[in-house]
Amino acid sequence: MRVIKRIAVLTSGGDAPGMNAAIRAVTRCALAQDWDVLGVRRGYAGLVEGEVEPLTGRTVSNIMQRGGTLLGSARCPEFETEDTRRKALYWLQQNRVDALVVIGGNGSQTGALALAEMGVPVVGVASTIDNDLAGSEITIGVDTALNIALEAIDRLKTTASSHQRAFLIEVMGRKCGYLALMAGLAGGAEIVVIPERETTPEEVARQLRAAYERGKKHALAVVAEGAVHNGGKLDAWFREHSAQIGFDLRTTTLGHVQRGGTPTAFDRLLGTRLGAGAVAALMRGEQGVLVGLNEGRVATTPLKEVAGVRKVIDPELFRLASVLAQ
Ligand code: ADP
């Protein structure tokens, strides 16, 4: 088994609340093994340029309660080319880095797999608010994003009841409907629109009208940004057909508001457990794996089974959302 003396850690892709807890756990658990820790700035972009700083117990002090990432993140499309990844590999070898921890989502773990296939000992940590990453039933940042969406839904419901207005709220999630479905379930939406199921604008209008007919004071649709008919498309359709529909619809797009803010206790603990899990995996000699949560336990899954794989939404929960809307 390779002896580890120095590791590097980076955060990549969309920032997620709880990433800082993961950086802290990776750093302090590694230091406890007498390993050196290098923090790479700006994800893969910084790795290619060699933008690093040594991380100490003190550097990672007082960061757990902050959203975002201490190390910064970036999108680095060039990393999809082997030439760019070779630069990263060269830098890691030159600086005698024995292993790399990649904290990020689906795209970042695809990059991690590409590095692993070039011989870099890599361990991924499942972190994205979209929860679109196979290999972890829930990822760092999801819980905070969900709570922010819920707060917005609760507020919109109050104003919706006062004015008899229907509301449409668009939440993030890229091509995955998890956030929208869970926000809809926990927030009591009348209809949830997700990328995994096509829902027509007519159906959305029908469900919202049916809610009023059942005597509800409010009618609310939660829509995923990646749905075929996302917030923008539905908003345009409702404007065009407002005369026939007979009620007002207001659209709110949460967008990046969902990413910021203080991580919830759940995300701090998840970041902590998965970060510690990454160091534990390296101590066991594992590499080319993602550290995630499976059946409530910290577990590793080969990156090959994770990268680019689509996570499946539980159809039963989708059905339940519509039953509970009645
Ligand atoms: P996330 O990790 O949150 O899903 P992205 O999809 O934007 O975010 O991916 C983050 C970064 O991961 C990209 O900017 C790129 O540097 C790297 N990446 C994504 N896809 C690949 C790929 N197929 N090969 C190599 N690197 C990739």
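Predicted, not measured: the structure shown is a model, and the values here were computed from it. Indexing begins at 1, ligand by ligand and atom by atom, following the structure's order.
Pairing each heavy atom of A307 with each of Q109, the nearest pair is CB-O, 4.2 Å. Closest non-hydrogen pair, A74 versus S12, comes out as O-OG, 4.4 Å.
From the protein, the heavy atom lying nearest to atom 22 (C) of ligand 1 is E80 CG, 3.4 Å. The protein heavy-atom contact nearest to atom 7 (O) of ligand 1 is R75 NH1, 2.5 Å. With respect to atom 23 (N) of ligand 1, the closest heavy atom belonging to the protein is T110 CG2, 3.3 Å. Closest to atom 3 (O) of ligand 1, if we only count protein heavy atoms, is G14 N, 3.2 Å. When hydrogens are left out, the protein atom nearest atom 11 (C) of ligand 1 is S12 OG, 3.6 Å; that is the closest non-hydrogen contact. When hydrogens are left out, the protein atom nearest atom 2 (O) of ligand 1 is S108 OG, 2.5 Å; that is the closest non-hydrogen contact. Counting protein heavy atoms only, atom 26 (N) of ligand 1 is closest to G111 CA, 3.3 Å. Considering only non-hydrogen protein atoms, atom 6 (O) of ligand 1 sits nearest to R174 NH2, 3.2 Å.
A distance of 7.5 Å separates OG1 in T139 from CG in L270, rounded to the nearest 0.5 Å. Taken from CD1 in I138 to CG in L146, the straight-line distance is 7.5 Å, to the nearest 0.5 Å. With rounding to the nearest 0.5 angstrom, the CZ atom of R259 is 7.0 Å from the OG1 atom of T128.
Distances shorter than 4.0 angstrom do not occur between any heavy atom of Q109 and any atom of ligand 1.
Below 4.0 Å from some heavy atom of G13 lie the following atoms of ligand 1, by number and element: 1 (P), 2 (O), 3 (O), 8 (O), 10 (C). Close contacts of ligand 1 with N106, meaning ligand atoms under 4.0 Å from a residue heavy atom, involve 2 (O), 4 (O).
Residue contacts with ligand 1: Y44 is placed with no nitrogen or oxygen under 3.5 Å of a nitrogen or oxygen of the ligand (distance criterion only). Considering backbone and side-chain N/O atoms, T128 never comes within less than 3.5 Å of an N/O atom of ligand 1. The shortest N or O to N or O distance between G105 and ligand 1 is under 3.5 Å. Considering backbone and side-chain atoms together, G107 places an N or O closer than 3.5 Å to an N or O of ligand 1. In terms of polar-atom proximity, defined here as any N/O pair under 3.5 Å, C76 does make such a contact with ligand 1.
In this structure, V60 is a member of the same hydrophobic cluster as I140, with clusters built from ILVMFWY side-chain heavy atoms closer than 4.5 Å. L274 and L71 fall within the same hydrophobic cluster, defined by Ile, Leu, Val, Met, Phe, Trp and Tyr side-chain heavy atoms under 4.5 Å apart, directly or through other members.
Both the backbone and the side chain of F79 come within 4.0 Å of ligand 1, counting heavy atoms alone.
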Would you check, one step at a time, whether the test side chain to side chain contact (heavy atoms under 4.5 Å, CB included) holds for L254 with E170? CA-CA 6 Å; L254 283 188; E170 186 189 87; over 6 Å; no
- Item | Full working for salt bridge (charged side-chain N to carboxylate O under 4.0 Å, His left out) between E53 and R41 | CA-CA 8 Å; E53 59 174 314; R41 295 207 160 276; 2.8 Å; yes
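Identified under the salt bridge (Lys or Arg N to Asp or Glu O under 4.0 Å) test for residues 180-192, with sequence neighbours left out: E190-K216.
Checking each of N147, N20, T144 against D267 for a side-chain hydrogen bond (donor to acceptor under 3.5 Å, both in side chains) leaves exactly one that passes, namely T144.
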